[in-house]
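Read through the structure below, which is laid out as structure tokens, and then see the notes.
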Number of protein chains: 2
Amino acid sequence: MSDSNFRITPQRQVILEELRMADSHLTADEVYKMVRARLPRISLGTVYRNLEIFSRLGMIYKLELGGMQKRFDGKTQDHYHLRCLKCGRIEDVPMEPQTMLEESVEALTDYKVLGHRLEFVGLCLTCREQPETQAHKGA
Amino acid sequence: MSDSNFRITPQRQVILEELRMADSHLTADEVYKMVRARLPRISLGTVYRNLEIFSRLGMIYKLELGGMQKRFDGKTQDHYHLRCLKCGRIEDVPMEPQTMLEESVEALTDYKVLGHRLEFVGLCLTCREQPETQAHKGA
DNA sequence: ATAACTGCAAACGTTTTGCCAGCAT
DNA sequence: ATGCTGGCAAAACGTTTGCAGTTAT
């Protein structure tokens with residue numbers, strides 16, 4: 001792929017649409033299931049290939065958080081994430097990226113700091129209120 | 001494992017020693033290779049099993065950073081990490097955990113925030129100075 | 001004709017698991 | 001005798017890749 005002769009095929013169209021329609025943070029497999037409802041013959045390999053291409057082109061955002069599957073996000077700009085330890089739900093944090101963190105680290109080390117990834121973990125409202133149940137699974 | 005009848009077997013002893021001797025951030029496979037030099041018959045499964053147990057007991061620290069293998073760290077207390085994009089080296093950041101970040105997120109959302117993970121990426125001194133070479137690999 | 005793209009299946013690297021034997025209590 | 005533990009091999013998991021056929025230019 002030369003990144004310039006990039007065609008919007010039906011598969012790519014549908015993958016993008018589903019990613020943008022979902023309230024974000026889908027795993028490749030979830031994207032696959034959703035797309036397959038509209039294009040039953042699409043393959044998981046195609047989904048992976050195109051998610052990778054989209055993210056390389058900056059069309060979507062690839063989340064690689066700790067110890068989990070990759071997730072893909074229709075949004076492009078950087079933001080922090082918040083994960084519920086009990087149900088696994090992932091949400092965006094309505095907080096501006098703290099660039100001063102990078103400045104501090106650059107002052108403290110001999111690295112050229114190019115970015116940072118910040119993830120919060122905790123318990124969502126639902127899971128705090130239902131102490132003994134697994135409220136929901138997935139994104 | 002009931003976590004109380006926990007025995008220090010030779011395997012466990014050596015795994016812990018190697019983890020504490022190394023300057024940290026080993027992958028399970030690296031631990032396996034090092035331990036095997038002293039206990040040639042140990043199996044990779046045993047290494048994984050015990051790393052998991054140690055980290056559950058808080059005896060070591062399990063790093064699960066974005067999109068990579070897990071790494072294990074003899075140190076116990078929380079700290080931030082800094083990864084070189086070019087050579088993959090991972091270092092500790094000499095910075096105190098910023099608990100006020102968690103307070104901000106708790107104020108901004110309806111989550112009970114229990115922790116956070118912060119990872120910086122950039123270029124280490126070596127890799128900045130040798131622009132065209134891959135300086136070193138691994139931890 | 002050429003290059004990009006897809007579906008399919010196989011391969012991959014990492015991690016987990018089942019099983020049985022061995023050892024400590 | 002009970003139960004934790006280790007070695008081994010197989011399985012599982014998420015992801016990537018090779019290939020052959022298809023589609024668009």
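Per chain, numbering begins at 1; letters A, B, ... match sequence-line order. Note that the coordinates shown come from a computational prediction; the quantities given were computed from them, not determined experimentally. All values below come from the heavy atoms of this structure, side chains included, with hydrogens, waters and symmetry mates left out.
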- Item | Summary of protein contacts for nucleotides 6-18 of chain C, nucleotide by nucleotide, where a base hit scores B, a sugar-phosphate-only hit scores S (4.0 Å, heavy atoms) | BBB-----SBB-B
- In whole angstrom, what separates A:I8's CD1 from D:dT23's C1'? 16 Å
- Do we see a donor-acceptor contact under 3.5 Å between the side chains of A:Y80 and A:Q98? no
- Query: Between A:E17 and A:R38, is there a side-chain N and carboxylate O pair less than 4.0 Å apart?
  - Reply: yes
- Task: Would you mind reading off the distance between A:Q13 atom CD and C:dC5 atom C1', rounded to a whole angstrom?
- Result: 16 Å
- Item | Gap separating the NZ atom of A:K70 from the OG atom of A:S55, nearest 0.5 angstrom | 9.0 Å
- Item | ring-ring contact (aromatic ring centres under 6.0 Å, His included) partners of residues 32-62 of chain A, not counting sequence neighbours, each pair once | A:Y61-A:H79
- Message: Tell me if the side-chain of B:R7 makes a donor-acceptor pair with the base of D:dC4, cut-off 3.5 Å, by modelled atom types.
- Response: yes
- Query: Taking CD1 from B:I15 and P from D:dT5, how many angstroms apart are they, rounded to a whole number?
  - Reply: 12 Å
- Task: Tell me, please, which residues at least two apart from A:R20 pass salt bridge (Lys or Arg N to Asp or Glu O under 4.0 Å).
- Result: none
- Query: Does a donor on one side chain sit under 3.5 Å from an acceptor on the other, for A:E119 and A:H81?
  - Reply: no
